[in-house]
Number of protein chains: 2
Amino acid sequence: MPLTDSPAQPHDHSLCIDDALAQARLICERRNVRLTPIREQVLGLIWQNHKPVGAYDLLEQLATTHQAAKPPTIYRALDFLQENGLIHKIESQNAFLGCAHVGGQHHGQFLICTACGTAQEIDEKVVSSALKNASQARGFQIHSFVIEIKGLCAACQDI
Amino acid sequence: MPLTDSPAQPHDHSLCIDDALAQARLICERRNVRLTPIREQVLGLIWQNHKPVGAYDLLEQLATTHQAAKPPTIYRALDFLQENGLIHKIESQNAFLGCAHVGGQHHGQFLICTACGTAQEIDEKVVSSALKNASQARGFQIHSFVIEIKGLCAACQDI
DNA sequence: TGAATATTGTTATATCATATCATTGCCCCA
DNA sequence: TGGGGCAATGATATGATATAACAATATTCA
Ligand SMILES: [Zn+2]
Ligand SMILES: [Zn+2]
Ligand SMILES: [Zn+2]
Ligand SMILES: [Zn+2]
């Protein structure tokens, strides 16, 4: 994607979904973990669009085809998907988003549009190295970080 | 504070509390908003240490001297304190922390120690400008951001 | 004073997440 | 091949975080 391409722009989203699921299958095979039907279905639901989605929204959708689904069903699937780097939690929204950079070891950086709800994952080395430097200068050893940027995406500014 | 001074290091914390409350009174007077007894007491409780504290922890403490305190009591005080830039919410912990840079318009950047729980607020221009640049390059207009860095503070690495 | 507004009280409920134990399914190897 | 061990799911209950809605009280200011 060129820099200016945002998930808020029109695109063939079925390709996003197919890619995400294909990559997930590959990753899980490589890691020798099981992408069970429930887990795969939840991942598919998360990838329905580029907006973070809440656990109970997912539950409601899952329950339409899976009567036994209860909160632990969803949270277990979400835990699995997070542990394997397939999704991110957006902390400021208690919601979950498909990872756009599976495989690469990274922490998330997200541009979240407050108008349309779309979240774009970016991975800016200059940001992470600035954080590393600032932390190091204070003797702080980074394990992980959360970066959630709120504002208006390009599409929503034009309205 | 020199760069290496962290709130995890020993210091006369009563000065932190006194400063925070004095500044809060000043700010509220300037902004012509009312730092009522409940609000001031909640701010004092938040400043009891440098660790983010949950709303229900605060409620429990407040309730010891204020029988009528219920969840809305706390959340209203927290809303007020946030609106006036006196505290921050740590999204990844659903907890609240006194603002270390009152007055200056800023978004928070936090170094959160997973061992001792202490959170240090920093304000690195290089980080915020890196975010600005990355966003601008994508046509995204920033309103606010959340940066929460997890790891080990200097004191906890030595153990 | 008395109306308008801000703050607090009160009750109920919405929303997000986990603990615990039972049951089922999968895998590997004796 | 069958059965022990572990992973995954089912089921129930509860914990933790946050807000809605309306009533009562306090403050402000004309
Ligand atoms: Zn898409
Ligand atoms: Zn990612
Ligand atoms: Zn202190
Ligand atoms: Zn601050």
Side-chain angles (χ1 to χ4, degrees), chain A residues 24-25 27-29 31-46 51-84 86-97 117 146 148, chain B residues 24-25 27-29 31-46 51-84 86-97 117 146 148:
Chain A
R25 287 180 204 109
I27 296 274
C28 289
E29 195 169 0
R31 303 184 61 151
N32 206 33
V33 295
R34 293 168 51 201
L35 189 63
T36 62
I38 288 178
R39 291 164 177 174
E40 184 166 346
Q41 197 179 344
V42 170
L43 184 60
L45 291 172
I46 289 173
K51 304 178 189 185
V53 55
Y56 280 73
D57 278 359
L58 292 169
L59 176 56
E60 193 179 340
Q61 297 177 254
L62 184 64
T64 65
T65 63
H66 190 86
Q67 160 71 20
K70 297 281 178 287
T73 316
I74 285 290
Y75 282 101
R76 284 166 181 158
L78 292 172
D79 285 348
F80 172 89
L81 296 169
Q82 281 186 271
E83 279 164 11
N84 291 285
L86 300 171
I87 63 171
H88 292 278
K89 180 173 186 183
I90 304 298
E91 297 287 353
S92 61
Q93 301 188 145
N94 295 319
F96 301 85
L97 182 71
V146 170
E148 298 172 10
Chain B
R25 287 181 203 110
I27 295 274
C28 289
E29 195 170 359
R31 302 185 61 152
N32 206 33
V33 295
R34 293 169 50 203
L35 189 63
T36 62
I38 288 178
R39 292 166 176 172
E40 183 167 347
Q41 196 179 344
V42 170
L43 184 59
L45 291 171
I46 289 173
K51 304 177 189 184
V53 56
Y56 280 75
D57 278 0
L58 291 169
L59 176 55
E60 193 179 339
Q61 297 178 254
L62 184 64
T64 63
T65 63
H66 190 87
Q67 159 73 19
K70 297 280 178 286
T73 316
I74 284 290
Y75 281 102
R76 284 166 180 157
L78 293 171
D79 285 347
F80 172 88
L81 296 170
Q82 281 186 271
E83 279 162 12
N84 290 286
L86 300 171
I87 63 172
H88 292 279
K89 180 174 185 183
I90 303 299
E91 297 287 353
S92 60
Q93 302 187 147
N94 296 319
F96 300 84
L97 183 71
V146 170
E148 298 171 9

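Numbers restart at 1 for each chain; the letters A, B, ... are given by sequence-line order, proteins then strands.
Side-chain N/O atoms of R34(B) include none lying less than 4.0 angstrom from OP1 or OP2 on dA26(D). One finds no side-chain N or O of T36(A) lying less than 4.0 angstrom from the OP1 or OP2 phosphate oxygen of dA7(D).
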Atom pairs, N/O to N/O, protein against nucleotides 17-20 of chain D, distance under 3.5 Å?
from, atom 1, to, atom 2, distance (Å)
dA18(D), OP1, K89(B), NZ, 2.6
dA18(D), OP1, N94(B), OD1, 3.4
dA18(D), OP2, Y75(B), OH, 2.9
dA18(D), O5', Y75(B), OH, 3.4
dA18(D), N7, Y56(B), OH, 2.5
dA18(D), N6, Y56(B), OH, 3.4

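Atom CD of E60(B) and atom P of dA16(D) are 11 Å apart (whole Å). Atoms CZ (F80(B)) and P (dT7(C)) sit 7 Å apart, rounded to a whole Å. Across the protein-nucleic acid pair, R39(B) atom CZ and dA26(D) atom P stand 16 Å apart, rounded to whole Å. Here the P atom of nucleotide dA7(D) and the CZ atom of R31(A) are 16 Å apart, to the nearest Å. Rounding to whole angstrom units, NE2 of residue H66(A) and C1' of dT9(D) are separated by 7 Å. Nucleotide dA8(D) holds its C1' atom 15 Å from the CG atom of N32(A), rounded to whole Å. Atom CD1 of I38(A) is separated from atom C1' of dT23(C) by 14 Å (rounded to the nearest Å). In this structure, CD1 of I74(A) is placed 15 Å from C1' of dA8(D), rounded to the nearest angstrom.
Closest heavy-atom contact between L62(B) and T73(B): CD2-CG2, 4.2 Å.
Using a 4.5 Å cut-off on side-chain heavy atoms (C-beta onward), V146(B) and E91(A) make no contact. Between L43(B) and E40(B), the closest side-chain pair of non-hydrogen atoms is not below 4.5 Å. In this structure the side chain of I87(A) never reaches within 4.5 angstrom of the side chain of V42(A), judged on heavy atoms.
Counting heavy-atom neighbours within 6.0 Å of E60(A) CD, excluding the residue itself, gives a total of 12 or less.
Residues forming a side chain to side chain donor-acceptor pair (under 3.5 Å) with T65(A) (at least two apart in sequence, or on another chain): Q41(A).
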